[in-house]
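Structure first, commentary second.
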Amino acid sequence: MANRRPKYLNLFKIKLPLPGVVSFLHRVSGALLFIAIPLFLAVFQLTLGSPADFEKVRQGLGSPLVKLVLLGLLWAYSHHFFAGLRFIAMDMGLGMELDKTRRNSWLVVAFSLTLTAMIGGWLLW
């Protein structure tokens, strides 16, 4: 008789292939962007209040911690964008072979990190 009890899976020992990692990070980046919406709206509302409030926000954006958070959100947006394009192409039946899927996953990682570095370097520092 087969044992039907649930198996314990140690998720730290499972080696996920790169397409799986890209898929997981697509979900994580989408969740981060969704959680950041109230923060962006609050900051936007504060900047529209008065010139003094705008200056407070401008000075606050100079903080290294805030710059790091913005850089993380910039990565989340770029990764979510490129991974989303990849998934749309896969929904249309393009790039479904294993070698193309792996190559497209590398391209998503490379493009998102490159765009984050370029825009982050230009915008934040």
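Computed from a predicted structure; not experimentally measured.
Taking F111 as the reference, F82, L107 meet the side chain to side chain contact (heavy atoms under 4.5 Å, CB included) condition, with sequence neighbours excluded. Every residue meeting the side chain to side chain contact (heavy atoms under 4.5 Å, CB included) condition with L41, not counting sequence neighbours, appears here in chain and number order: I37. Residues satisfying the side chain to side chain donor-acceptor pair (under 3.5 Å) test with S112, not counting sequence neighbours, are none.
Listed here is the closest heavy atom pair of L61 and K67: O-CG, 3.6 Å. Of all non-hydrogen atoms in F40 and L70, the two that sit nearest each other are CE2-CD2, 4.5 Å. Nearest heavy atom pair, residue A76 against residue L33, reads O-CD1, 3.9 Å. Taking both residues in full, the closest heavy atoms of L115 and S78 are given as CD2-CB, 3.8 Å, listed atom of the first, atom of the second, then distance. A83 and V108 get closest at one heavy-atom pair: N-CG1, 3.9 Å. Shown here for S105 and R86, the closest heavy-atom pair between the two residues is OG-NH2, 3.2 Å.
Cluster annotation: W106 is not connected to M90 through the hydrophobic network of ILVMFWY side chains, with a link wherever side-chain heavy atoms come within less than 4.5 Å. Grouping the Ile, Leu, Val, Met, Phe, Trp and Tyr side chains by contacts below 4.5 angstrom, directly or via other members, places M118 apart from L113. Both F81 and V21 are assigned to one and the same hydrophobic cluster, defined by single-linkage of ILVMFWY side chains at heavy-atom distances under 4.5 Å. Y77 and F87 sit in two unconnected hydrophobic clusters of ILVMFWY residues. Membership requires side-chain heavy atoms under 4.5 Å apart, directly or through other members. Taking hydrophobic clusters as Ile, Leu, Val, Met, Phe, Trp and Tyr residues chained together by side-chain heavy-atom distances below 4.5 Å, L74 shares a cluster with W122.
Put simply, the side chain of T101 gets close to the backbone of G95: a donor and an acceptor are under 3.5 Å apart.
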>> As a quick check of understanding, evaluate side chain to side chain contact (heavy atoms under 4.5 Å, CB included) for S50 and D53, giving each step before the final call.
In response: CA-CA 5 Å; S50 70; D53 290 339; 3.4 Å; yes

>> As a quick check of understanding, evaluate side chain to side chain contact (heavy atoms under 4.5 Å, CB included) for L71 and T116, giving each step before the final call.
In response: CA-CA 7 Å; L71 191 65; T116 300; 3.9 Å; yes

> Going through the distances and angles, do L25 and W75 end up as a side chain to side chain contact (heavy atoms under 4.5 Å, CB included)?
Replying inline: CA-CA 11 Å; L25 289 177; W75 168 82; 4.2 Å; yes

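Between H26 and H79, the ring planes are tilted. Angles from 30° to 60° get that label.
The number of heavy-atom neighbours closer than 6.0 Å to CD of Q45, taken from other residues, nucleotides and ligands shown, is 12 or below.
Taken to the nearest 0.5 Å, the CG atom of L85 stands 10.5 Å off from the NE2 atom of H80. Here the straight-line distance linking atom CZ of R102 with atom CD of E97 works out to 12.5 Å at 0.5 Å rounding. Taken to the nearest 0.5 Å, the CG atom of L94 stands 8.5 Å off from the NZ atom of K100.
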